[in-house]
Visitor: 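What follows is a structure written as structure tokens; I'll ask about it next.
Predicted model, so just to flag it, every value in this text is computed and none were measured.
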Amino acid sequence: MNKEVVLKKIKQFLFIALGVLLLDIGYYFFYSPINLVAGGVTGISIILGPFLDKINMSQSTFLYIAEGICLLLGLILIGKDFFFKTIVASILAPTFIFIFEHFFEQDFILKTVQNKELIALLMASLLSGLGIGICLKNNGSTGGLDVIQKSLSKYLHVPYSIAMYSTDWIIVIIGGFNFVNGVSYNFEMAIYGIISVYLIAYLIDVITLNARSKRTAYIITSKPLEVKELIFNLIGRGVTECDVRGGYTNENKVMLICVMNKNESYRLGEAIKNVDHEAFTFYASTKEVFGEYERNPKQSS
């Protein structure tokens, strides 16, 4: 591998480590102290909390065991790609918890606030959504129940999103049960868990999709050379040309297609009027962009 590839891999590793750290902070300091379950292996550890206390097993030890089992299942059921993509998070997640256990009490933060449930819900959802989103954006995985969800999707032929939500909902619903001093059900905490799952999913979409979202301009003009030159000089983006003909006038024109940032679209829209005031321009929201989008035509010429 050349230096550029190595640096890219290191950068991805650091971002995945950051994502896992944020996820663990949300779990250890916010979810666990109030027994709020929002899915995943960490949610299972909270559900099993009373049992783990009885056998004197720490949360980090349980997570090492659970992550290891899931990692091996992923290797068997899904393959090597999933294994190597997941191994970093599977090791880091329980390791961060192990470090927290030796240096911080779980109520280190929440003991200083009054409305513990609300603060825990908001902060845990924010940190978890950011953490998972950062991992996914950098081609990583958070490990844990990913293997179950991907296996359900692969072998039962169901969409991955349905498999993911189904497992999370089951864990959240079970998390509402309280087996201390009999059996009871805490609807309030179950609802908090459901809200948290939605907030996390929303944040993941914002980070993984909206971070790459752009606008695509479609410009129908009789002065394509002038408009292209404007685009090159003003925002430095590439342009695709298409020959088009008006359905009513039968007049031949050129449609220019250009992908850009949102702020660039505002600047371009006003500038086009000065070059061709008769140009017909409309914008479409573009969720993701791959390829040579970032290349500046002026620099590559």
Visitor: Please find the pair of heavy atoms, one from Leu256 and one from Pro224, that lie closest to each other, and give the distance.
Guide: CD1-O, 3.9 Å
Visitor: Let me see the working for Gln149 and Asp168 under side chain to side chain contact (heavy atoms under 4.5 Å, CB included), right down to the final yes or no.
Guide: CA-CA 10 Å; Gln149 295 158 351; Asp168 283 340; 4.1 Å; yes
Visitor: Using the rule that two of Ile, Leu, Val, Met, Phe, Trp, Tyr join whenever any of their side-chain heavy atoms come within less than 4.5 Å, decide whether Ile170 and Leu145 are in one cluster.
Guide: yes
Visitor: Let me check something: do Val275 and Ile257 share a hydrophobic cluster, defined by ILVMFWY side-chain heavy atoms less than 4.5 Å apart, either directly or through other members?
Guide: no
Visitor: Can Ser45 and Gln59 be said to form a side-chain hydrogen bond (donor to acceptor under 3.5 Å, both in side chains), step by step?
Guide: CA-CA 7 Å; Ser45 73; Gln59 291 174 322; 4.9 Å; no
Visitor: Got a second to check how far Ile220's CD1 is from Asp276's CG, nearest 0.5 Å?
Guide: 11.5 Å
Visitor: Between Thr216 and Tyr283, is any pair of side-chain heavy atoms under 4.5 Å apart?
Guide: no
Visitor: Does Glu264 come within less than 4.0 Å of Arg237, counting only side-chain N to carboxylate O?
Guide: yes
Visitor: Would you call Ile173 and Tyr185 a side-chain contact if the rule is heavy atoms closer than 4.5 Å?
Guide: yes
Visitor: Mind checking the CG-SG spacing from Leu130 to Cys135? Nearest 0.5 Å is all I need.
Guide: 11.0 Å
Visitor: According to salt bridge (charged side-chain N to carboxylate O under 4.0 Å, His left out), who are the partners of Lys228, at least two apart in sequence or on a separate chain?
Guide: Glu241
Visitor: Quick one, Ile47 and Ile174 - any side-chain contact, counting heavy atoms below 4.5 Å?
Guide: yes
Visitor: Only counting residues at least two apart or in another chain, list the ones meeting salt bridge (charged side-chain N to carboxylate O under 4.0 Å, His left out) with Lys273.
Guide: Glu270
Visitor: Should Leu36 and Ile46 count as side-chain neighbours, where that means a heavy-atom distance under 4.5 Å?
Guide: no
Visitor: Does the Tyr155 side chain pair with the main chain of Leu77, one donor and one acceptor, at a distance under 3.5 Å?
Guide: yes
Visitor: With side chains defined as the heavy atoms from C-beta onward, is the minimum distance between Leu7 and Lys3 less than 4.5 Å?
Guide: yes
Visitor: With a 3.5 Å distance limit and no angle check, can you tell me whether Ser128 reaches the backbone of Ala124 through a side-chain donor-acceptor pair?
Guide: yes
Visitor: Quick check against the 3.5 Å criterion: does Asp107 have a side-chain atom that pairs as donor or acceptor with the backbone of Leu110?
Guide: no
Visitor: Could you tell me which residues satisfy salt bridge (charged side-chain N to carboxylate O under 4.0 Å, His left out) with Glu117, sequence neighbours excluded, listed by chain and number?
Guide: none
Visitor: If you count heavy atoms of other groups shown closer than 6.0 angstrom to NZ of Lys54, is the number above 12?
Guide: no
Visitor: Looking at residues at least two apart in the chain, or sitting in another chain, which of them share a ring-ring contact (aromatic ring centres under 6.0 Å, His included) with Phe29?
Guide: Phe100, Phe104
Visitor: Would Phe282 and Ile235 show up in the same hydrophobic cluster when neighbours are defined by side-chain heavy atoms closer than 4.5 Å?
Guide: no
Visitor: Which heavy atom of Ser58 sits nearest to which heavy atom of Thr61, and what is that distance?
Guide: OG-OG1, 2.8 Å
Visitor: Establish whether Ile200 and Leu122 are linked, either directly or via other cluster members, by ILVMFWY side-chain heavy-atom contacts under 4.5 Å.
Guide: no
Visitor: Taking a hydrophobic cluster as the set of Ile, Leu, Val, Met, Phe, Trp and Tyr residues connected by side-chain heavy atoms closer than 4.5 Å, whether directly or through intermediates, do Leu18 and Phe98 fall within one such cluster?
Guide: no
Visitor: Please tell me if the side chains of Val239 and Phe232 come closer than 4.5 Å, counting only heavy atoms from C-beta onward.
Guide: yes
Visitor: Any idea which heavy atoms bring Ala89 and Val20 closest together, and the distance?
Guide: CB-CG2, 3.8 Å
Visitor: Quick one: sort the Trp169 and Tyr198 rings into parallel, tilted or perpendicular, breaks at 30° and 60°.
Guide: tilted
Visitor: Can you sort out the partners of Tyr64 under side-chain hydrogen bond (donor to acceptor under 3.5 Å, both in side chains), two or more places apart, ordered by chain and number?
Guide: Thr95
Visitor: Within the structure provided, determine whether Leu234 and Leu268 are in side-chain contact (heavy-atom separation under 4.5 Å).
Guide: yes
Visitor: Is it true that Tyr31 and Ser196 share a donor-acceptor pair across their side chains at a distance under 3.5 Å?
Guide: yes
Visitor: Between SG of Cys258 and CG of Leu230, what distance do you get to the nearest 0.5 Å?
Guide: 10.0 Å
Visitor: Mind checking what makes side-chain hydrogen bond (donor to acceptor under 3.5 Å, both in side chains) contact with Glu226, not counting sequence neighbours?
Guide: none
Visitor: What's the separation between atom CD1 in Ile65 and atom CZ in Phe62, rounded to the nearest 0.5 Å?
Guide: 8.0 Å
Visitor: Hey, are the side chains of Leu73 and Ser151 touching, using non-hydrogen atoms and a 4.5 Å cut-off?
Guide: no
